[in-house]
Amino acid sequence: MIKITSLRDALFPQLHHHNHNHDVEQHIHTSQDHNSKRTQIDLEQDILHKNNLLAERNRGYFEAKEIKAFNLVSSPGSGKTALLECTLRDLGKELNFYVIEGDQQTTNDADRIAKYNTPVIQINTGKGCHLDATMVKNALAELKPKEHSVVFIENIGNLVCPSMFDLGEQKRIVIISVTEGEDKPLKYPDMFAGSQLCIINKIDLLPYLKFDLPKLKAYAKRINPALEFIDLSCSTGEGLGLWYEWLKKELKINELIAN
């Protein structure tokens, strides 16, 4: 396992080195001088422009090597790492997987992935709350995924900031658990608008919770009518077959795994 520490914080410390609650608006203010707002807006626009250019470069890399890249996004604790563990355990012998792990601190998630003999790189962002295209480009240079492989990018647990940054992935998958509020799509619409698949995890807990699953889907459809859904539980295995079918369909593999 290789650990990469982001250079972004060193280059642009003013963007994330103040306390904030991850609302998008918080990215365009300083706590000391509101006269500098215009400068920070210009800086953020410039960063996003550069990020988008590098994301296109990453996308070209994936397309040239016929690699499928999936960006996994969620709030903290929704089960991204658990979903990856199940996938690597059940499909690891027939598909070549590579994982880029994003976290602010620790290598805990990468350590869990490494147990499945899957090449993995840890990116620690420090106080940064998302991955960007530069980080992914540098990680790919170290990871060197084979042609026709699958690259999972586990983003930082945050439903706001990662929605702003294109990493060059082909599909963005948002994961939500039933222990969260069903109004998450309305509260964080950008994340759901930019995703192609919504995985609803921990459905084994539904009998014990006041969670309205149809309402969650209706809210999400209001934001993104084309959004697909898969309900599953990484604990019991219920619904994992549907996720594997979706994945193999994306990889254009005709043989489907039985539930």
Side-chain angles (χ1 to χ4, degrees), residues 22 55 58-59 62 67-92 95-104 106-114 116 118-125 128-133 135-136 139-140 143 145 149-178 180 184-185 188 190-202 220 224 227-234 239-240 242-251:
H22 294 182
N58 291 343
R59 209 177 333 273
F62 291 135
I67 293 171
K68 280 287 185 178
F70 301 99
N71 182 9
L72 306 183
V73 293
S74 78
S75 55
S78 293
K80 296 190 299 297
T81 310
L83 181 66
L84 284 176
E85 289 180 301
C86 292
T87 306
L88 301 178
R89 178 196 66 202
D90 294 338
L91 301 182
L95 296 172
N96 289 321
F97 290 112
Y98 296 82
V99 177
I100 297 173
E101 281 287 347
D103 212 340
Q104 288 190 314
T106 83
T107 61
N108 291 353
D109 291 347
D111 293 340
R112 290 168 59 180
I113 296 301
Y116 294 88
T118 298
V120 55
I121 283 184
Q122 176 71 52
I123 299 174
N124 284 137
T125 60
C129 53
H130 59 83
L131 298 180
D132 62 33
M135 298 175 192
V136 172
L140 290 171
L143 198 59
S149 61
V150 179
V151 174
F152 286 118
I153 305 166
E154 183 176 349
N155 217 314
I156 308 293
N158 178 357
L159 283 175
V160 180
C161 307
S163 69
M164 300 172 60
F165 287 81
D166 182 3
L167 305 180
E169 75 274 17
Q170 285 99 345
K171 291 289 176 71
R172 182 177 294 175
I173 301 169
V174 60
I175 301 166
I176 187 170
S177 69
V178 299
E180 304 172 55
K184 281 288 180 66
Y188 306 100
D190 288 346
M191 185 59 78
F192 289 84
S195 298
Q196 288 74 47
L197 174 66
C198 177
I199 289 180
I200 304 169
N201 190 21
K202 304 182 185 180
N224 181 357
L227 189 64
E228 298 180 70
F229 298 93
I230 294 176
D231 309 342
L232 57 79
S233 168
C234 292
L240 281 175
L242 297 174
W243 156 239
Y244 299 153
E245 287 182 19
W246 184 93
L247 187 60
K248 289 196 166 191
K249 183 180 178 182
E250 289 296 315
L251 301 176

Does the side chain of [X] reach to within under 4.5 Å of the side chain of [Y], using non-hydrogen atoms?
{"X": "V150", "Y": "F70", "value": "yes"}
{"X": "D103", "Y": "N124", "value": "yes"}
{"X": "T125", "Y": "H130", "value": "no"}
{"X": "V73", "Y": "S163", "value": "no"}
{"X": "R89", "Y": "L240", "value": "yes"}
{"X": "E85", "Y": "C234", "value": "no"}
{"X": "L131", "Y": "I123", "value": "yes"}
{"X": "M164", "Y": "D190", "value": "no"}

Quiz item: What orientation do F152 and W243 show, parallel under 30°, tilted 30 to 60°, or perpendicular over 60°?
Solution: tilted
Exercise. Could you tell me whether the side chain of R172 and the main chain of L72 form a donor-acceptor pair under 3.5 Å?
Key: no
Please report the shortest heavy-atom distance between [X] and [Y], naming the atom on each side.
{"X": "N158", "Y": "P76", "value": "N-CD, 4.3 Å"}
{"X": "N224", "Y": "A193", "value": "ND2-O, 3.5 Å"}
{"X": "L167", "Y": "A55", "value": "C-CB, 4.0 Å"}
{"X": "L88", "Y": "Y116", "value": "CB-CB, 4.0 Å"}

Rounded to the nearest 0.5 Å, how far does [atom2] of [Y] lie from [atom1] of [X]?
{"X": "E154", "Y": "E101", "atom1": "CD", "atom2": "CD", "result": "4.0 Å"}
{"X": "L247", "Y": "L91", "atom1": "CG", "atom2": "CG", "result": "6.5 Å"}
{"X": "I173", "Y": "K171", "atom1": "CD1", "atom2": "NZ", "result": "8.5 Å"}
{"X": "I176", "Y": "L159", "atom1": "CD1", "atom2": "CG", "result": "7.0 Å"}
{"X": "I199", "Y": "L242", "atom1": "CD1", "atom2": "CG", "result": "10.0 Å"}
{"X": "I200", "Y": "L232", "atom1": "CD1", "atom2": "CG", "result": "9.0 Å"}

Self-check item: Name of the residue among I113, V120, L143 meeting side chain to side chain contact (heavy atoms under 4.5 Å, CB included) with Y98
Solution: L143
Quiz item: I121 and L140: side-chain contact (heavy atoms from CB on, under 4.5 Å), yes or no, with the steps?
Solution: CA-CA 9 Å; I121 283 184; L140 290 171; over 6 Å; no
